[in-house]
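Working notes, beginning with the structure itself.
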Amino acid sequence: MTTFEIVPAVAGHVPAIARIYAHHVLTGVASFEITPPDETEMAARMEAVHARGLPYLVAEADGQVAGYAYAGPYRPRPAYRFTVENAVYVAPEFIRRGIGRALLQRVVDECTRCGCRQMVAIIGDSGNSSSIGLHRACGFEMVGVLQNVGYKFDRWLDTVVMQRTLGDGGNSPP
């Protein structure tokens, strides 16, 4: 297992975050983006998460950013304000070292502390067993599969929807 530290993401992490995400956009189907966003766009996305008081974290290992995770709004309408959607990406050289799980668990914990009640995972491709397994290990349950809703790398892709209750969930008012 790799030794790493999870810290809040800051502007200085953006180049590494952009590189990690670009790798996944260009080589995989976890993201349905086709063209990787540039550093300016990635910085703006990070700032939007920070502005909402939600967690945006990086794992630092061996002097570099090994992965990142965050939670953002699930949908923009006010009724969804207690539900968040997560994202987790790990640098290819650090995959399967416990970093993704630690990042996701920390995002879950921080969102619970800030009063969120539900977390949704929208997972690209029903064949993405690694991400599905990671989310299951962190307490997410399968909600459903949207079939053939994305088209990338000359093939149709499903979207897997998983969900995890945070704190008291729907058992009490926020």
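None of the values given here were measured: they were computed from a predicted structure.
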Q) Which distance, rounded to the nearest 0.5 Å, do you find between the CG of L26 and the NE2 of H23? A) 9.0 Å
Q. If two hydrophobic side chains count as joined below 4.5 Å and joins carry through other members, does F32 share a cluster with I123?
A. no
Q.
Using only atom types and a distance under 3.5 Å, with no angle test, would you say the side chain of H135 pairs donor to acceptor with the backbone of V120?
A. no
**Q.** Contact check, side chains of V84 and R52, non-hydrogen atoms, under 4.5 Å
**A.** no
Q: Return the set of residues passing side chain to side chain donor-acceptor pair (under 3.5 Å) with T83 (not counting sequence neighbours), or none when no residue passes.
A: none
Q.
Test of understanding: with salt bridge (charged side-chain N to carboxylate O under 4.0 Å, His left out), list the residues that count as partners of R45, not counting sequence neighbours.
A. E33, E41
**Q.** Same apolar cluster: M119 and V161, side chain cutoff 4.5 Å
**A.** no
Q. Going by heavy atoms in the side chains, are T165 and Q118 under 4.5 Å from each other?
A. yes
Q) In Å, rounded to the nearest 0.5 Å, how long is the span from CG of N86 to CE of M162? A) 10.0 Å
**Q.** Separation between CZ of R19 and CE of M42, rounded to the nearest 0.5 Å
**A.** 11.5 Å
Q: With sequence neighbours excluded, tell me which residues meet side chain to side chain donor-acceptor pair (under 3.5 Å) with D109.
A: Q105
Q: Please name the pair of heavy atoms, one in L166 and one in C111, separated by the smallest distance, quoted to 0.1 Å.
A: CD1-CB, 3.9 Å
Q) Q147: what forms a side-chain contact (heavy atoms from CB on, under 4.5 Å) with it, not counting sequence neighbours? A) V145, D158
Q: Check side-chain contact (heavy atoms from CB on, under 4.5 Å) between F82 and all other residues, then give those that pass, not counting sequence neighbours.
A: R117, P174
Q.
According to side chain to side chain donor-acceptor pair (under 3.5 Å), does anything in residues 56-66 pair up with another residue at least two apart or in another chain? List the pairs.
A. H13-E60
(Q) The criterion is salt bridge (charged side-chain N to carboxylate O under 4.0 Å, His left out); which residues satisfy it with R77, sequence neighbours excluded? (A) none
(Q) Enumerate the ring-ring contact (aromatic ring centres under 6.0 Å, His included) contacts for residues 154-174, please, sequence neighbours excluded, ordered by first and then second residue. (A) Y151-W156
Q.
What I'd like to find out is whether the side chain of L103 reaches to under 4.5 Å of the side chain of V107, using heavy atoms alone.
A. no
Q.
Can you list everything that forms a side chain to side chain donor-acceptor pair (under 3.5 Å) with S130? Sequence neighbours excluded, please.
A. R96
Q. With sequence neighbours left out, what residues match A22 under side-chain contact (heavy atoms from CB on, under 4.5 Å)?
A. P36
Q: Please name all residues satisfying side-chain contact (heavy atoms from CB on, under 4.5 Å) with A30, sequence neighbours left out, ordered by chain then number.
A: Y89, N128
Q) Considering residues at least two apart in sequence or located in another chain, which fulfil the salt bridge (charged side-chain N to carboxylate O under 4.0 Å, His left out) criterion with R106? A) E110
